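In what follows, a single structure is set out as structure tokens and then discussed.
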Amino acid sequence: MSYDNMMSFLRVTEALAEVAGRTGWDQETMMPPGAAPQRAEEAAALKTVLHDRSTDPRLGAWLEEITPKTPVQAANLRILRHEYMRSCRLPADLVAEIARTTSLAHRAWAEARAAENLSVFLPHLTRVVALRREQGAALAEGGDPYDALLDGYEPGMSSARLSEIFDGMRPGIVDLRARVLDRPAPKALEGHFDPHAQRLLAEKIALVFGYDLERGRIDTALHPFSSGSGLDVRITTRVDPADPLNCLYSTIHEVGHACYEQGIDRDYLLTPLGHGASMGVHESQSRLYENQLGRSAGFAEALLPMMRDAFGDFGIDDPQTLYAAVNRVEEGFIRTEADELSYNLHVFLRFDLEQALIRGDLQVADLEAAWNDRFAADFGRDVPKPSLGVLQDVHWSEGLIGYFPTYSLGNIYAGSLFAALRRARPGLDAELAAGDLSGATEWLRSHVQRHGALFTPDVLIAEAAGEEVSSQPLLAYLEEKFGGLYGV
Ligand code: ZN
């Protein structure tokens with residue numbers, strides 16, 4: 001009986017959280033600009049209600065008295081105990097102060113970025129880091145504050161384990177990337193690509209990858225994102241007339257996130273299990289859809305005629321050239337535009353710097369210099385301006401510290417899952433070449449997506465991949481793919 005009462009209470013909380021998420025979506029897509037001050041109050045009101053519910057003493061009593069009778073009940077209780085414990089360790093005034101500070105810091109970050117000058121942002125970031133250190137310490141109760149922050153995004157993961165995995169990957173990636181960059185760059189796409197045609201192609205491809213538009217929609221926003229769960233999972237994309245691959249692969253990436261949410265067992269709707277297992281697992285789906293499937297040699301064969309339908313003759317007329325073009329390795333500065341080889345190096349840089357900030361080994365005043373030194377060491381180039389360096393990502397301004405490593409973890413999970421998928425479907429390349437993604441996405445749905453948060457991330461991935469999580473399958477995939485493409 002207590003269990004049913006608790007689940008009824010949670011269903012309301014989950015529904016309110018979905019509404020809060022949808023106002024966030026609206027803010028990025030449809031909201032008239034003059035509504036901003038009112039929306040801030042609306043969002044704050046919902047946030048207060050949600051925080052009160054997540055620390056409600058009734059919840060504490062239920063969690064103490066209930067003994068789970070099924071694996072689903074046990075999983076719900078596991079998640080709730082974790083979240084309740086975290087919520088209760090945080091004083092309400094600290095939560096409010098972080099919300100206020102990050103809202104101001106976000107604005108200062110945008111201003112500093114536009115002006116190519118950190119000075120207006122530094123006092124804000126100093127405050128954000130101090131508050132997150134305080135939060136980490138409160139959550140950790142004597143343990144490591146950075147690990148406590150990380151645990152909010154990737155439950156059960158530690159920075160020590162991540163460092164071990166990342167440090168193990170790094171030499172292989174640096175070496176392969178150096179060999180690739182020594183070779184001539186493949187042909188790039190050039191010309192003007194009609195924005196409307198790009199949108200139509202993106203929608204067509206979203207359907208090919210299994211996105212259900214009856215329970216979703218695609219809109220345009222400054223930054224691509226996916227939001228919502230269950231029966232209402234929306235994505236956004238962006239259109240650059242000079243670069244149709246931006247819209248195309250942003251869409252496939254967000255479709256990966258959205259298909260994960262849409263693929264969760266309907267019984268878990270509006271319950272704690274009705275979401276992805278972690279940020280890392282979420283990113284494994286989006287990256288696998290985008291890279292291992294979307295940027296495969298097989299899918300290039302299916303993509304070429306679709307692009308010719310959309311844009312006419314665009315200067316590429318064989319699938320191998322298109323495959324090389326969508327996998328160009330470049331000496332860029334920006335993480336979100338990075339190729340598969342460079343991407344993780346960007347993440348390792350942020351992971352190491354943010355740990356140093358939280359542990360007090362690096363002061364915010366020295367952050368820009370530390371970033372630029374590390375970038376020069378890893379990428380062999382000097383950062384010419386802050387928007388191409390320390391100011392490129394929004395995360396730290398929003399207080400998202402501990403989040404970056406889940407991007408690389410997602411790539412590692414994707415590597416393991418893709419190796420298992422290939423073993424399970426020997427005809428995968430031919431399926432992709434025929435533009436038939438159903439076998440691959442169905443495998444992901446049944447092995448990963450449908451479970452929602454039923455299992456912890458490490459158990460879920462190990463079960464699906466048939467082996468313990470390691471970076472080896474990702475490294476082997478990168479070596480095979482880029483070794484082949486660049487003849488190194
Ligand atoms: Zn993503």
Side-chain angles (χ1 to χ4, degrees), residues 21 24-25 28-29 150 152-155 157 162 166 202 205-206 209-211 216-229 233-238 245-264 275-295 326 332 334-351 354 392-398 400-418 437 440-441 444-445 448-449 452-453 457 460-461 474:
W25 168 86
E28 303 296 320
T29 53
L150 172 65
Y153 307 111
E154 196 68 20
M157 183 50 75
L162 280 178
F166 293 171
I205 298 224
F209 276 81
Y211 185 39
R217 52 178 290 137
I218 308 175
D219 293 274
T220 309
L222 209 52
H223 303 288
F225 64 92
S226 91
S227 87
S229 70
V233 188
R234 307 178 187 193
I235 65 167
T236 65
T237 189
R238 61 176 162 208
L245 300 180
N246 191 322
C247 174
L248 184 65
Y249 285 101
S250 299
T251 303
I252 299 176
H253 182 96
E254 300 309 330
V255 161
H257 283 300
C259 284
Y260 186 8
E261 293 290 332
Q262 288 187 332
I264 295 172
H275 306 279
S278 69
M279 292 301 163
V281 179
H282 237 295
E283 197 65 9
S284 78
Q285 301 303 290
S286 57
R287 295 290 283 179
L288 207 159
Y289 277 54
E290 177 191 353
N291 293 325
Q292 278 87 350
L293 299 176
R295 287 192 166 91
V326 303
I334 301 288
R335 174 186 61 84
T336 56
E337 296 169 1
D339 54 79
E340 281 179 88
L341 276 185
S342 311
Y343 191 89
N344 292 305
L345 295 179
H346 286 279
V347 175
F348 300 163
L349 178 157
R350 289 151 179 78
F351 174 57
E354 67 179 20
Q392 67 180 268
D393 290 307
V394 69
H395 300 58
W396 290 337
S397 80
E398 291 183 343
L400 296 175
I401 299 174
Y403 190 108
F404 276 121
T406 68
Y407 289 131
S408 280
L409 197 55
N411 288 328
I412 291 164
Y413 291 158
S416 297
L417 292 172
F418 186 61
L437 277 288
T441 53
L444 290 165
R445 207 185 65 78
V448 178
Q449 297 167 0
L460 175 69
I461 300 296
L474 176 67

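All figures in this text were calculated on a predicted structure; none of them were measured in a lab. Counting convention: from 1, in listed order, for ligands and their atoms alike.
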Applying the ring-ring contact (aromatic ring centres under 6.0 Å, His included) criterion to Phe166, which one of Tyr407, Phe404, Phe348 satisfies it? Phe348
Is any side-chain heavy atom of Val233 less than 4.5 Å from a side-chain heavy atom of Gln262? yes
Give me the protein N, O or S atoms that fall under 2.8 Å of the Zn ion (ligand 1), sorted by chain and residue number. His253 NE2, His257 NE2, Glu283 OE1
Exercise: identify the closest heavy-atom pair between Glu254 and Ile235: O-CG2, 3.6 Å
Can you name the closest pair of heavy atoms from Ser284 and Ala414 and give their distance? O-CB, 3.6 Å
Which residues pass the salt bridge (Lys or Arg N to Asp or Glu O under 4.0 Å) test with Asp393, not counting sequence neighbours? Arg335, Arg350
Can you tell if the side chain of Asn344 reaches within under 4.5 Å of the side chain of Leu474, non-hydrogen atoms only? yes
